[in-house]
Amino acid sequence: MLGDLLSRPALQARRRAIVKTLCYRLVMVLVTVIVAWAVVGDVGDAVNIGIVANVVKTGTYYLYERTWDRISWGVSTST
């Protein structure tokens, strides 16, 4: 059954997934830095927190998106 779910081709090009991921993560870096700054009160520490957290999250998000892009469950096949 799992093989059937993972057997369809991707709906979007890999390049598009990468661009979407990077744009989303840029916005999330800004959000994380602002929240971290409000919590720790230091801009330098906030930037470091924002960068480290989001580098890890970027890779995770990309893999997550690519995995779900290959799963046919819940995707309408009618055009």
Side-chain angles (χ1 to χ4, degrees):
M1 181 175 161
L2 183 59
D4 293 337
L5 292 175
L6 298 175
S7 64
R8 73 173 183 79
L11 294 176
Q12 61 184 336
R14 181 164 291 153
R15 184 174 177 193
R16 176 180 162 87
I18 291 169
V19 170
K20 282 176 57 182
T21 300
L22 294 176
C23 289
Y24 177 79
R25 291 317 319 165
L26 179 60
V27 171
M28 291 299 99
V29 166
L30 294 174
V31 169
T32 304
V33 168
I34 291 167
V35 171
W37 184 25
V39 172
V40 300
D42 181 83
V43 174
D45 287 344
V47 169
N48 287 334
I49 291 167
I51 290 171
V52 170
N54 284 284
V55 165
V56 171
K57 291 177 182 180
T58 298
T60 304
Y61 176 79
Y62 176 77
L63 293 172
Y64 182 82
E65 273 287 311
R66 294 304 292 174
T67 299
W68 272 103
D69 197 38
R70 298 199 180 275
I71 296 172
S72 60
W73 176 79
V75 176
S76 175
T77 56
S78 63
T79 56

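All heavy atoms count here, side chains included; hydrogens, waters and symmetry mates do not.
In this structure, the side chain to side chain donor-acceptor pair (under 3.5 Å) partners of Thr32, at least two apart in sequence or on a different chain, are Asn54. In terms of the side chain to side chain contact (heavy atoms under 4.5 Å, CB included) criterion, Leu63 has no residue partners (sequence neighbours excluded). With sequence neighbours excluded, the residues that form a side chain to side chain contact (heavy atoms under 4.5 Å, CB included) with Asp45 are Val40, Asp42.
Grouping the Ile, Leu, Val, Met, Phe, Trp and Tyr side chains by contacts below 4.5 angstrom, directly or via other members, places Ile49 with Val39. Hydrophobic clustering, with ILVMFWY side chains joined whenever heavy atoms are under 4.5 angstrom apart, keeps Val27 apart from Leu30.
By the 4.5 Å side-chain criterion applied to Ile, Leu, Val, Met, Phe, Trp and Tyr, Val33 is assigned to a cluster that also includes Val29, Trp37, Val43, Val47, Ile51, Val55. Applying the 4.5 Å side-chain rule to ILVMFWY residues, one finds that Ile34 remains a lone member of its cluster.
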Taking only distance into account, with no hydrogens and no angle test, what donor-acceptor pairs under 3.5 Å do side-chain atoms of residues 13-20 form with protein atoms, sequence neighbours excluded?
from	atom 1	to	atom 2	distance (Å)
Arg14	NE	Tyr62	OH	3.4
Arg16	NE	Gln12	OE1	3.1

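Under the 30°/60° scheme for interplanar angles, the aromatic rings of Trp73 and Trp68 are found to be tilted.
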